[in-house]
Amino acid sequence: QVQLVDSGGGLVQAGGSLRLSCAASGRVPDWYTMGWFRQAPGKEREFVAAITWSGGSTYYQDFVKGRFTISRASAVNTGYLQMNSLKPEDTATYYCAASPRYAPQVMCSREYDYWGQGTQVTVSS
């Protein structure tokens with residue numbers, strides 16, 4: 001079966017950087033879209049970024065645009081989220097997600113069929 005493992009979180013100071021990884025294993029289908037979501041205590045899960053697997057089109061939430069970059073390495077079934085200029089309000093559990101189906105609403109978590117377990121990102125002041 002397909003598994004997604006997201007990793008790379010940790011504790012960093014404001015202004016620092018982290019790179020999150022999302023590695024797929026098992027009988028991996030051809031992804032149409034891979035995305036990243038985050039959830040902080042007391043808040044709903046929110047969209048961060050997404051990328052189409054074949055064409056590489058990217059989509060970003062406005063509050064991370066210019067600071068975060070989503071990418072993928074298709075040959076090794078791995079996606080990445082490079083996070084720069086981190087702020088305390090970026091503190092959350094970050095989840096990668098993917099779907100082999102066309103996702104007309106890339107910002108909606110319901111469009112994704114497979115999810116990682118989450119990796120914690122904590123940004124200190």
Side-chain angles (χ1 to χ4, degrees):
Q1 62 180 29
V2 177
Q3 292 184 343
L4 296 182
V5 178
D6 36 26
S7 61
L11 174 63
V12 298
Q13 291 184 312
S17 298
L18 287 171
R19 189 176 77 158
L20 306 185
S21 297
C22 179
S25 63
R27 299 181 66 85
V28 183
D30 292 330
W31 301 126
Y32 192 95
T33 308
M34 179 174 283
W36 290 88
F37 294 78
R38 69 186 188 187
Q39 187 167 23
K43 298 182 65 178
E44 294 186 352
R45 184 172 298 183
E46 63 183 355
F47 170 78
V48 177
I51 187 169
T52 61
W53 210 249
S54 60
S57 299
T58 57
Y59 308 84
Y60 295 97
Q61 186 69 270
D62 285 344
F63 54 74
V64 304
K65 190 174 296 183
R67 299 189 297 125
F68 292 8
T69 303
I70 189 170
S71 62
R72 87 290 196 208
S74 299
V76 291
N77 294 311
T78 302
Y80 304 96
L81 184 68
Q82 178 68 46
M83 306 187 296
N84 299 324
S85 302
L86 284 163
K87 305 174 181 179
E89 52 262 45
D90 294 319
T91 295
T93 301
Y94 284 70
Y95 300 88
C96 71
S99 177
R101 300 177 294 106
Y102 170 64
Q105 303 284 345
V106 298
M107 299 176 65
C108 296
S109 62
R110 295 186 304 273
E111 297 282 8
Y112 298 87
D113 299 316
Y114 299 91
W115 291 82
Q117 80 286 351
T119 184
Q120 178 66 37
V121 172
T122 302
V123 185
S124 66
S125 302

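Side chains included, hydrogens not; waters and symmetry mates left out as well; all remaining heavy atoms used.
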How far apart are the closest heavy atoms of A92 and A40, and which atoms are they? CB-N, 3.9 Å
Ignoring hydrogens and geometry, is there a side-chain-to-backbone donor-acceptor pair from D6 to G118 under 3.5 Å? yes
Shared hydrophobic cluster for V12 and W36 (ILVMFWY, side-chain gaps under 4.5 Å): yes
Students should find that the hydrophobic cluster of V5, defined by side-chain heavy atoms under 4.5 Å apart, otherwise consists of none
Regarding Y32 and R101, is there a side-chain donor-to-acceptor distance under 3.5 Å anywhere? no
Reported CZ-to-SG distance for the pair R45 and C108, which is rounded to 0.5 angstrom: 13.0 Å
Taking the side chain from Y112 and the backbone from V106, do they hold a donor-acceptor pair closer than 3.5 Å? yes
Member of P100, S99, S54, S74 meeting the side-chain contact (heavy atoms from CB on, under 4.5 Å) criterion with W31: P100
Mark yes when over 12 heavy atoms from residues, nucleotides or ligands other than Q13 sit less than 6.0 Å from its CD; otherwise mark no. no
Any chance you could measure R38, atom CZ, to C96, atom SG, to the nearest 0.5 Å? 16.0 Å
So, for S17 and S85, which heavy atoms are closest and what is the spacing to 0.1 Å? OG-N, 4.3 Å
Please say yes or no: joined through hydrophobic side-chain contacts below 4.5 Å, possibly via intermediate residues, are F68 and F47 part of one cluster? no
Pick out which of I70, T69, T33, L81 makes a side-chain contact (heavy atoms from CB on, under 4.5 Å) with I51. I70
Would you check if V121 and L20 make a side-chain contact, meaning some heavy-atom pair closer than 4.5 Å? yes
G55 to R72 - nearest heavy-atom pair and separation: C-NH2, 3.9 Å
In the structure I gave you, are the side-chain heavy atoms of Q120 and L11 within less than 4.5 Å of one another anywhere? no
Would you name the heavy atoms of L18 and L86 that are closest together and state the gap between them? N-CD1, 4.0 Å
Tell me, with the steps shown, if M107 and Y59 meet side chain to side chain contact (heavy atoms under 4.5 Å, CB included). CA-CA 9 Å; M107 299 176 65; Y59 308 84; over 6 Å; no
If I take atom CD from residue Q39 and atom CD from residue E46, how far apart are they, to the nearest 0.5 angstrom? 9.0 Å
Roughly how far, to the nearest 0.5 Å, is the OH atom of Y80 from the CE atom of M34? 10.0 Å
Please tell me whether Y60 and F37 are part of a single hydrophobic cluster in this structure, the criterion being side-chain heavy atoms less than 4.5 Å apart. no
In short, F63 meets R67 closest at the heavy-atom pair O-NH2, 3.0 Å
Say whether V48 and L4 are linked into one hydrophobic cluster, either directly or through other cluster members, by side-chain heavy-atom distances under 4.5 angstrom. yes
